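Contents: one structure, followed by commentary.
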Amino acid sequence: RCYKRMKEPMAVREFKAFRLIERQEMGEATHLFVFQVPFGKELNLPAGKHVQICFTKSDGEQVLRSYTPTESSVPGRFDVLFKVYPGGQMGNYLNKLNVGDSAYIRGPTG
């Protein structure tokens with residue numbers, strides 16, 4: 001085999017790339033992003049748990065934010081709702097992602 005079949009789609013300590021497969025504007029500065037879960041797996045996060053999204057700024061500083069998926073039980077996907085605030089680092093970063101781009105995510109946390 002060329003790949004190792006994953007047992008769990010996410011890891012608590014390791015960020016993994018999840019591809020953005022859909023984005024919807026829900027209102028002024030509010031967006032719903034749908035990320036693909038490899039191999040058609042489900043996240044099935046327990047109640048009260050979140051995912052953590054990370055990106056590295058040009059100066060090397062890492063920015064981390066936690067989000068509670070609005071949907072995590074549909075095979076092959078999970079949804080994250082977020083708002084873009086003026087000066088907000090993560091919201092502005094996510095808002096620049098295009099369908100097909102990836103975000104680095106880990107979990108469950110919280």
Side-chain angles (χ1 to χ4, degrees):
R1 281 195 215 208
C2 296
Y3 62 89
K4 194 176 188 181
R5 196 115 164 119
M6 67 170 52
K7 292 179 184 171
E8 295 298 326
M10 276 195 184
V12 175
R13 293 186 171 94
E14 177 187 354
F15 284 98
K16 295 182 179 182
F18 285 84
R19 191 166 64 92
L20 178 64
I21 57 173
E22 184 181 333
R23 55 179 288 158
Q24 299 174 25
E25 288 192 34
M26 304 302 287
E28 189 174 329
T30 304
H31 305 275
L32 179 73
F33 276 18
V34 179
F35 290 97
Q36 181 179 32
V37 178
F39 305 112
K41 295 270 191 171
E42 299 173 9
L43 287 187
N44 281 330
L45 294 180
K49 297 295 183 181
H50 349 288
V51 297
Q52 197 170 55
I53 302 176
C54 174
F55 79 94
T56 304
K57 293 172 34 175
S58 59
D59 64 4
E61 178 188 354
Q62 283 193 329
V63 177
L64 307 168
R65 296 290 183 272
S66 294
Y67 294 91
T68 302
T70 56
E71 177 60 69
S72 69
S73 61
V74 175
R77 64 180 273 169
F78 67 95
D79 304 357
V80 174
L81 184 70
F82 68 95
K83 187 165 180 142
V84 178
Y85 293 97
Q89 295 181 66
M90 184 59 74
N92 284 294
Y93 165 76
L94 290 172
N95 196 36
K96 292 177 184 171
L97 293 180
N98 296 307
V99 170
D101 292 342
S102 293
Y104 288 92
I105 303 173
R106 69 180 176 189
T109 62

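Quantities reported herein were computed from a predicted structural model and do not represent experimental measurements. The figures here come from the full heavy-atom set of this structure, side chains too, leaving out hydrogens, waters and symmetry mates.
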- [ ] List the steps, then state whether side chain to side chain contact (heavy atoms under 4.5 Å, CB included) holds for Asp79 with Glu22.
- [x] CA-CA 9 Å; Asp79 304 357; Glu22 184 181 333; over 6 Å; no
Task: Verify same cluster id: Val84, Val80 (apolar side-chain graph, 4.5 Å) - done: yes
Task: Distance, nearest 0.5 Å, that separates OG of Ser102 from NZ of Lys16 - done: 13.5 Å
Task: Which atom of Glu42 lies closest to which atom of Val74, heavy atoms considered - done: CG-C, 4.1 Å
Task: Test side chain to side chain contact (heavy atoms under 4.5 Å, CB included) applied to Gln62 and Tyr104, step by step - done: CA-CA 11 Å; Gln62 283 193 329; Tyr104 288 92; over 6 Å; no
TODO: Any chance you could lay out the side chain to side chain contact (heavy atoms under 4.5 Å, CB included) test for Phe78 and Ile105, step after step, and finish with the verdict?
DONE: CA-CA 12 Å; Phe78 67 95; Ile105 303 173; 3.7 Å; yes
Task: Pairs satisfying side-chain hydrogen bond (donor to acceptor under 3.5 Å, both in side chains), at least one member in residues 46-60, at least two apart - done: His50-Thr68, Gln52-Arg106, Lys57-Glu61, Lys57-Gln89
Open item on the list: Tell me whether Leu20 shares a hydrophobic cluster with Val37, the cluster being built from Ile, Leu, Val, Met, Phe, Trp, Tyr side chains joined at under 4.5 Å.
Closed with: yes
- [ ] Measure the acute angle between the ring planes of Tyr93 and Phe55, then classify it against the limits of 30° and 60° as parallel, tilted or perpendicular.
- [x] parallel
Task: Heavy-atom side-chain contact between Pro38 and Phe18 under 4.5 Å - done: yes
Open item on the list: For Tyr67 and Met90: C-alpha separation, side-chain torsions, deciding distance, then whether side chain to side chain contact (heavy atoms under 4.5 Å, CB included) applies.
Closed with: CA-CA 11 Å; Tyr67 294 91; Met90 184 59 74; 3.1 Å; yes
TODO: Report the distance from atom CG of Asn44 to atom OG of Ser72, rounding to the nearest 0.5 Å.
DONE: 6.0 Å
Task: Within one Ile-Leu-Val-Met-Phe-Trp-Tyr cluster: Val34 and Met10, side-chain cutoff 4.5 Å - done: no
Task: Side-chain heavy-atom pair Val99, Arg23 within 4.5 angstrom cut-off - done: yes
TODO: State the CZ-CG distance between Phe35 and Leu97, to the nearest 0.5 angstrom.
DONE: 6.5 Å
Task: Straight-line distance of Lys83 NZ to His31 NE2, nearest 0.5 Å - done: 9.5 Å
Task: Asp101: salt bridge (charged side-chain N to carboxylate O under 4.0 Å, His left out) partners, not counting sequence neighbours - done: none
TODO: Decide yes or no for Met26 and Leu81: does some side-chain heavy atom of the first lie under 4.5 Å from some side-chain heavy atom of the second?
DONE: yes
TODO: Answer yes or no: is there a donor N or O on one side and an acceptor on the other, between the side chain of Asn92 and the main chain of Tyr85, under 3.5 Å?
DONE: yes
Task: Same apolar cluster: Leu32 and Leu45, side chain cutoff 4.5 Å - done: no
Task: Hydrophobic cluster membership, Val63 vs Leu94, 4.5 Å side-chain cutoff - done: yes
Open item on the list: Under 3.5 Å, is there a donor on one side chain and an acceptor on the other for Glu28 and Thr30?
Closed with: no
